[in-house]
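This is a predicted model, so every value here is computed, not measured.
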Amino acid sequence: MARPRVRLVVTADDFGYCPRRDEGIVEAFLAGAVTSVSLLVNGAATESAAELARRHSIPTGLHANLSEGRPVGPARRSASSLIGPEGFFLGKMGFREAVAAGDVALPQVREELEAQLNCFRELLGRAPTHVDGHQHVHVLPGGQTLSWA
(Lines give C-alpha, C1' and ligand atoms only; values in the text may rest on other atoms or scores of the structure.)
Protein backbone atom coordinates (compact mmCIF):
# COMPACT_ATOMS: atom_id res chain seq x y z
CA MET A 1 0.00 0.00 0.00
CA ALA A 2 1.39 3.40 -0.99
CA ARG A 3 1.97 5.96 1.71
CA PRO A 4 0.17 9.29 1.34
CA ARG A 5 2.37 12.02 -0.04
CA VAL A 6 3.17 14.77 2.46
CA ARG A 7 3.76 18.32 1.27
CA LEU A 8 5.68 20.67 3.53
CA VAL A 9 4.44 24.27 3.40
CA VAL A 10 6.86 26.91 4.67
CA THR A 11 5.28 30.34 4.80
CA ALA A 12 7.29 33.51 5.31
CA ASP A 13 5.17 36.09 7.04
CA ASP A 14 5.58 39.86 7.33
CA PHE A 15 6.01 40.16 3.54
CA GLY A 16 5.67 43.88 2.81
CA TYR A 17 7.10 44.94 6.18
CA CYS A 18 10.25 46.45 4.66
CA PRO A 19 12.28 46.07 1.43
CA ARG A 20 15.28 44.25 2.99
CA ARG A 21 13.07 41.64 4.63
CA ASP A 22 11.18 41.18 1.36
CA GLU A 23 14.45 40.66 -0.55
CA GLY A 24 15.44 37.89 1.86
CA ILE A 25 12.03 36.26 1.61
CA VAL A 26 12.16 36.27 -2.20
CA GLU A 27 15.69 34.80 -2.12
CA ALA A 28 14.43 32.03 0.17
CA PHE A 29 11.47 31.38 -2.15
CA LEU A 30 13.68 31.21 -5.24
CA ALA A 31 16.04 28.83 -3.43
CA GLY A 32 13.11 26.55 -2.55
CA ALA A 33 13.28 27.10 1.23
CA VAL A 34 9.99 29.01 1.36
CA THR A 35 6.84 27.86 -0.45
CA SER A 36 4.51 30.82 0.20
CA VAL A 37 4.34 34.26 1.79
CA SER A 38 1.85 36.19 3.92
CA LEU A 39 1.46 39.85 2.96
CA LEU A 40 1.02 42.67 5.49
CA VAL A 41 -1.21 45.05 3.56
CA ASN A 42 -0.32 47.94 5.87
CA GLY A 43 3.44 47.43 5.70
CA ALA A 44 5.95 50.05 4.59
CA ALA A 45 6.78 48.05 1.44
CA THR A 46 3.40 46.51 0.63
CA GLU A 47 3.15 47.64 -2.99
CA SER A 48 6.67 46.55 -3.93
CA ALA A 49 6.13 43.23 -2.13
CA ALA A 50 2.93 42.64 -4.12
CA GLU A 51 4.89 43.35 -7.31
CA LEU A 52 7.57 40.84 -6.26
CA ALA A 53 4.90 38.22 -5.56
CA ARG A 54 3.39 38.74 -9.02
CA ARG A 55 6.76 38.78 -10.79
CA HIS A 56 7.95 35.54 -9.16
CA SER A 57 4.53 33.81 -9.01
CA ILE A 58 4.80 33.42 -5.25
CA PRO A 59 1.70 31.92 -3.60
CA THR A 60 0.55 34.77 -1.37
CA GLY A 61 -1.83 34.93 1.54
CA LEU A 62 -3.07 37.72 3.78
CA HIS A 63 -1.21 38.35 7.04
CA ALA A 64 -4.14 39.81 9.01
CA ASN A 65 -2.87 42.54 11.30
CA LEU A 66 -4.61 44.15 14.26
CA SER A 67 -1.54 44.90 16.36
CA GLU A 68 1.09 46.90 14.48
CA GLY A 69 1.14 50.00 12.30
CA ARG A 70 -1.89 51.90 11.06
CA PRO A 71 -5.22 50.37 10.04
CA VAL A 72 -6.30 50.35 6.38
CA GLY A 73 -10.05 50.42 7.07
CA PRO A 74 -12.48 52.92 8.58
CA ALA A 75 -10.56 53.00 11.89
CA ARG A 76 -7.86 55.12 10.26
CA ARG A 77 -10.33 57.98 9.77
CA SER A 78 -12.24 57.97 13.04
CA ALA A 79 -12.19 56.99 16.69
CA SER A 80 -11.84 53.23 17.06
CA SER A 81 -11.32 50.70 19.81
CA LEU A 82 -8.50 49.25 17.69
CA ILE A 83 -6.16 52.24 17.80
CA GLY A 84 -4.46 54.51 20.31
CA PRO A 85 -4.43 58.31 20.33
CA GLU A 86 -1.66 58.52 17.71
CA GLY A 87 -3.68 56.49 15.18
CA PHE A 88 -1.66 53.28 15.43
CA PHE A 89 -2.84 49.82 16.46
CA LEU A 90 -2.47 49.14 20.19
CA GLY A 91 0.43 46.71 19.86
CA LYS A 92 0.44 42.97 20.45
CA MET A 93 -0.02 43.11 24.22
CA GLY A 94 -2.17 46.25 24.12
CA PHE A 95 -4.61 44.55 21.75
CA ARG A 96 -4.74 41.39 23.85
CA GLU A 97 -5.31 43.40 27.03
CA ALA A 98 -8.06 45.48 25.37
CA VAL A 99 -9.81 42.31 24.17
CA ALA A 100 -9.54 40.70 27.62
CA ALA A 101 -11.02 43.85 29.19
CA GLY A 102 -13.90 43.87 26.71
CA ASP A 103 -12.75 47.19 25.23
CA VAL A 104 -12.53 46.04 21.59
CA ALA A 105 -15.63 46.40 19.45
CA LEU A 106 -15.78 43.20 17.39
CA PRO A 107 -17.67 44.93 14.53
CA GLN A 108 -14.62 47.20 14.17
CA VAL A 109 -12.38 44.13 14.01
CA ARG A 110 -14.56 42.73 11.25
CA GLU A 111 -14.46 46.05 9.33
CA GLU A 112 -10.68 46.19 9.54
CA LEU A 113 -10.17 42.58 8.46
CA GLU A 114 -12.58 43.04 5.54
CA ALA A 115 -10.70 46.22 4.55
CA GLN A 116 -7.41 44.31 4.65
CA LEU A 117 -8.90 41.54 2.51
CA ASN A 118 -10.16 44.12 -0.02
CA CYS A 119 -6.77 45.83 -0.04
CA PHE A 120 -5.11 42.47 -0.73
CA ARG A 121 -7.46 41.85 -3.65
CA GLU A 122 -6.70 45.30 -5.07
CA LEU A 123 -2.95 44.77 -4.77
CA LEU A 124 -2.82 41.27 -6.25
CA GLY A 125 -6.00 41.08 -8.31
CA ARG A 126 -7.15 37.89 -6.62
CA ALA A 127 -8.11 36.35 -3.32
CA PRO A 128 -5.35 35.24 -0.92
CA THR A 129 -4.19 31.62 -0.97
CA HIS A 130 -4.50 31.60 2.82
CA VAL A 131 -5.06 33.90 5.79
CA ASP A 132 -2.99 33.92 8.95
CA GLY A 133 -2.51 36.38 11.78
CA HIS A 134 0.31 38.83 12.49
CA GLN A 135 1.70 38.24 16.00
CA HIS A 136 -0.90 35.47 16.49
CA VAL A 137 -3.62 38.11 16.72
CA HIS A 138 -6.16 35.57 15.46
CA VAL A 139 -5.97 33.76 18.81
CA LEU A 140 -7.56 35.93 21.48
CA PRO A 141 -7.28 35.66 25.28
CA GLY A 142 -9.46 32.97 26.79
CA GLY A 143 -9.12 30.69 23.76
CA GLN A 144 -11.37 32.83 21.56
CA THR A 145 -10.61 32.73 17.86
CA LEU A 146 -11.39 35.45 15.34
CA SER A 147 -13.56 34.44 12.43
CA TRP A 148 -15.29 36.49 9.77
CA ALA A 149 -17.28 33.58 8.39
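- Asp14 is linked by a side chain to side chain donor-acceptor pair (under 3.5 Å) to Arg21, His63, His134, counting only residues two or more places apart in sequence or in another chain.
- Grouped by direct or indirect side-chain proximity (heavy atoms under 4.5 Å, Ile/Leu/Val/Met/Phe/Trp/Tyr only), Tyr17 sits with Leu40.
- Taking both residues in full, the closest heavy atoms of Ser80 and Gln108 are given as OG-OE1, 3.3 Å, listed atom of the first, atom of the second, then distance.
- A 4.5 Å side-chain heavy-atom check between Val9 and Ser36 finds at least one atom pair inside the cut-off.
- Scanning all heavy atoms of the two residues, the minimum distance from Ile83 to Ala75 falls at CD1-O, 3.3 Å.
- When only modelled atom types and interatomic distance are considered, His130 and Ser38 share a side-chain donor-acceptor pair under 3.5 Å.
- Judged purely by atom type and a 3.5 angstrom limit, Asp13 has no side-chain atom pairing as donor or acceptor with the backbone of Asp132.
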Practice problem: Any chance you could lay out the salt bridge (Lys or Arg N to Asp or Glu O under 4.0 Å) test for Arg20 and Glu23, step after step, and finish with the verdict? | Solution: CA-CA 5 Å; Arg20 294 217 38 192; Glu23 291 170 16; 5.1 Å; no

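- Glu112 and Gln116 share a donor-acceptor pair across their side chains, judged by distance under 3.5 Å alone.
- Between Pro59 and Phe29 there is a side-chain heavy-atom pair separated by less than 4.5 Å.
- A heavy-atom distance below 4.5 Å is not found between the side chains of Lys92 and Glu68.
- Taking hydrophobic clusters as Ile, Leu, Val, Met, Phe, Trp and Tyr residues chained together by side-chain heavy-atom distances below 4.5 Å, Leu66 does not share a cluster with Phe88.
- One distance of note links CG of Leu52 with OG1 of Thr60; it measures 10.0 Å at 0.5 Å rounding.
- Here the closest heavy-atom approach between residue Ala115 and residue Gly73 is recorded as CB-CA, 3.4 Å.
- Within 6.0 Å of CD on Glu51 lie more than 12 heavy atoms contributed by other residues, nucleotides or ligands.
- Scanning all heavy atoms of the two residues, the minimum distance from Phe95 to Leu90 falls at N-CB, 3.8 Å.
- With hydrogens and angles disregarded, a donor-acceptor distance shorter than 3.5 Å links the side chain of Asn42 to the backbone of Arg70.
- When every heavy atom of Ala50 is checked against every heavy atom of Leu124, the shortest pair comes out as O-CD2, 3.6 Å.
- The side-chain heavy atoms of Thr46 and Phe15, taken from C-beta on, include no pair separated by under 4.5 Å.
- The closest side-chain heavy-atom distance from Val26 to Ile58 is below 4.5 Å.
- Taking the side chain as every heavy atom from C-beta outward, Val104 and Val109 approach each other to under 4.5 Å.
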Exercise. Could you walk me through whether Leu39 and Leu123 pass the side-chain contact (heavy atoms from CB on, under 4.5 Å) test, one step at a time?
Key: CA-CA 10 Å; Leu39 180 67; Leu123 286 163; 4.2 Å; yes

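- The OG1 atom of Thr129 sits 10.0 Å away from the CG atom of Leu62 when rounded to the nearest 0.5 Å.
- In this structure the side chain of Phe120 reaches within 4.5 angstrom of the side chain of Arg126, judged on heavy atoms.
- The minimum heavy-atom distance between Cys119 and Val41, with the atom names listed, is SG-CB, 3.9 Å.
- A donor-acceptor pair under 3.5 Å is absent between the side-chain atoms of Thr11 and the main chain of Val37, judged by distance alone.
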